[in-house]
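Structure record follows, encoded as structure tokens.
Residue numbers begin at 1 in each chain, while the letters A, B, ... track the order of the sequences.
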Protein chains: 2
Amino acid sequence: MVQPAAPESTAERFDVRRREILLSASRAYRERGFHATGMREIAQAAGMTAGNLYHYFAGKEALLAFCQEESARRLNELAAWVEEQPLRADARLHALIVGHVLVLNEGLPGSLAHLEVESLEGEGRRRVVALRDRYEEALRGILGDGMDAGVLRRADLKLTALAILGAINWTVKWFRPGGKSSAREVGEHFAEQLVRGLLAPEMELARPAGEVPIFGATARREHGATHTDPSRTR
Amino acid sequence: MVQPAAPESTAERFDVRRREILLSASRAYRERGFHATGMREIAQAAGMTAGNLYHYFAGKEALLAFCQEESARRLNELAAWVEEQPLRADARLHALIVGHVLVLNEGLPGSLAHLEVESLEGEGRRRVVALRDRYEEALRGILGDGMDAGVLRRADLKLTALAILGAINWTVKWFRPGGKSSAREVGEHFAEQLVRGLLAPEMELARPAGEVPIFGATARREHGATHTDPSRTR
DNA sequence: TACCTTGTTGAACCGTGGTTCAACCCGCCG
DNA sequence: CGGCGGGTTGAACCACGGTTCAACAAGGTA
């Protein structure tokens with residue numbers, strides 16, 4: 001196994017540390033909810049003290065915003081990937097659903113439900129909401145295209161999307177790794193069920209051919225040496 | 001309009017008061033979440049002081065358990081009602097979905113998502129979980145019957161139910177009275193979408209004929225003079 | 001070696017929120 | 001009228017959790 005390169009610069013080490021904290025926080029939030037999770041607890045899970053967390057994040061809320069933003073970015077990457085696939089609308093939707101379930105339950109361990117913003121305020125909230133809205137717009141785009149093409153039955157776009165998102169997001173409440181079904185199996189099942197619910201009469205179901213990649217898997221991206229993350233702004 | 005009879009006994013007044021608190025608490029929890037809602041806030045909404053709340057409930061958790069229990073009871077009443085209807089499985093499922101959406105978003109204003117128990121412990125949690133499991137069993141019963149009868153496509157019962165419940169429960173996050181769609185419209189749309197997703201091939205969709213009643217509407221039941229509610233146990 | 005930067009700690013601060021409880025009020029009854 | 005029960009209040013208690021910060025350590029550089 002190839003070892004990841006050792007962090008070289010201060011900024012890199014900073015980012016690596018933040019990601020470690022992100023993982024610990026996400027897991028804890030997932031397990032116990034944002035409010036029931038304390039900074040001391042997250043710090044312990046990340047192998048540091050609570051005071052140290054403030055070197056990396058301005059506060060608890062900033063940490064939450066960071067976690068949510070990360071999730072939202074991955075969902076948007078997923079949506080972009082789906083957009084590039086040469087698929088019919090129902091197959092696209094299928095892929096998106098599978099991919100979304102994977103992001104929440106496998107890609108970023110401990111992802112929060114999509115995308116609870118009740119505990120966020122100000123700039124952090126705006127950013128997360130903007131990313132979330134972009135993703136939902138992509139979803140509605142797929143739905144709309146499918147309806148226009150006669151593949152999907154005509155129905156209220158917003159409500160249709162909300163039903164789909166609800167089913168997927170609720171997986172956060174009950175899905176546990178190592179359970180009866182893997183995240184991918186859940187994703188496939190959900191996609192099957194939800195896409196069928198939208199098919200136009202006499203239309204045969206089309207599924208994506210290949211496997212949907214997991215956005216958010218470890219060893220993700222190379223960050224530039226950026227130390228200007230506004231969530232750290234004081 | 002006929003005025004409800006004035007409460008006569010101590011027990012009745014006690015219960016009436018508890019229901020008032022229930023409404024205030026549910027709304028607040030719905031709006032801001034359990035953790036972000038304080039006892040002082042609930043008390044104010046109910047027209048009393050925080051200290052007074054403890055005359056009616058042992059504590060914050062007991063109040064939450066009471067709210068959740070009330071929701072669960074209504075869902076079980078809905079399920080029982082659906083069971084009595086002379087309907088085919090898909091129509092039953094349709095009715096259940098509509099009814100569930102109504103319970104959450106209209107019957108008991110401010111109902112919490114179904115049925116968050118993370119914040120509950122001990123006896124209170126057990127009771128809520130038991131009621132919840134009973135409802136989910138009823139749902140899976142309808143699904144199973146439909147599959148056995150060849151009305152619904154064969155699929156994993158548990159995952160199928162979870163997708164449905166997810167979609168419905170998530171309405172709590174976004175549904176607001178006075179919005180574009182009424183709770184009933186949302187319920188009908190969701191039922192249409194979710195039931196279609198399960199129909200067996202070549203099977204025509206069957207819908208319930210009448211209107212699904214709202215379990216949880218005001219002027220509900222006459223309570224016996226019971227003062228033994230364990231959620232008040234000290 | 002001295003200084004600066006980065007990173008970490010542990011103790012302390014302090015606001016918040018759940019909870020308690022003595023005191024008070026009101027109505028009813030003997 | 002006095003006593004009792006039910007209901008309510010407001011002040012106080014106290015634990016908890018977010019946050020701060022002085023002190024310290026380590027590494028690098030002039």
Which nucleotide in the set [options] lies at the smallest distance from any side-chain heavy atom of [X]?
X: A:Tyr56; options: D:dG18, D:dG7, C:dG7; answer: C:dG7
X: A:Asn52; options: D:dT19, C:dT8, D:dG7; answer: C:dT8
X: B:Tyr54; options: C:dG18, C:dT6, D:dG7; answer: C:dG18

Figure out the [atom1]/[atom2] separation between [X] and [N], and round it to whole Å.
X: A:Met39; N: D:dT20; atom1: CE; atom2: C1'; result: 12 Å
X: B:Leu53; N: D:dT9; atom1: CG; atom2: C1'; result: 12 Å
X: B:His55; N: C:dA23; atom1: NE2; atom2: C1'; result: 16 Å
X: B:Glu41; N: C:dG18; atom1: CD; atom2: P; result: 9 Å
X: A:Phe57; N: C:dG7; atom1: CZ; atom2: C1'; result: 15 Å
X: A:Glu20; N: C:dG7; atom1: CD; atom2: P; result: 12 Å
X: A:Met48; N: D:dC24; atom1: CE; atom2: P; result: 22 Å
X: A:Leu63; N: D:dG17; atom1: CG; atom2: P; result: 16 Å

- Task: Tell me yes or no: between the side chains of B:Glu192 and B:His94, is some donor less than 3.5 Å from an acceptor?
- Result: no
Between the protein and nucleotides 25-30 of chain C, which nitrogen or oxygen pairs come in under 3.5 angstrom?
none

- Query: Does a side-chain N-to-carboxylate-O contact under 4.0 Å join A:Arg19 and A:Glu70?
  - Reply: yes
- Answer yes when A:Arg184 and A:Glu188 have at least one side-chain N-carboxylate O distance shorter than 4.0 Å, and no when they do not. no
If the condition is side chain to side chain contact (heavy atoms under 4.5 Å, CB included), which residues does [X] pass it with, not counting sequence neighbours?
X: A:Ser119; result: A:Phe34, A:His35, A:Leu64
X: A:Ala45; result: A:Ser24
X: B:Glu185; result: B:Ser181, B:Ser182
X: B:Asn76; result: B:Leu131, B:Arg134, B:Tyr135

- Looking at every strand, decide which applies to B:Gly38 at a 4.0 Å heavy-atom threshold: base, sugar-phosphate, or nothing. sugar-phosphate
- Closest non-hydrogen atom pair between A:Arg92 and A:Val82, with its separation: NH1-O, 2.8 Å
- Message: Need to verify one output field. Residue with the more 5' nearest nucleotide on DNA chain D, A:Lys60 or B:Arg40?
- Response: B:Arg40
- Query: So, is A:Arg17 close to the C:dT6 phosphate, meaning a side-chain N or O under 4.0 Å from OP1 or OP2?
  - Reply: no
- Item | Global bending angle along the helix from C:dT1-D:dA30 to C:dG30-D:dC1, which compares the axes of five pairs at either end, to 10 degrees | 30°
- Task: Report yes if the side chains of A:Val212 and A:Leu96 come closer than 4.5 Å at any heavy-atom pair, otherwise no.
- Result: no
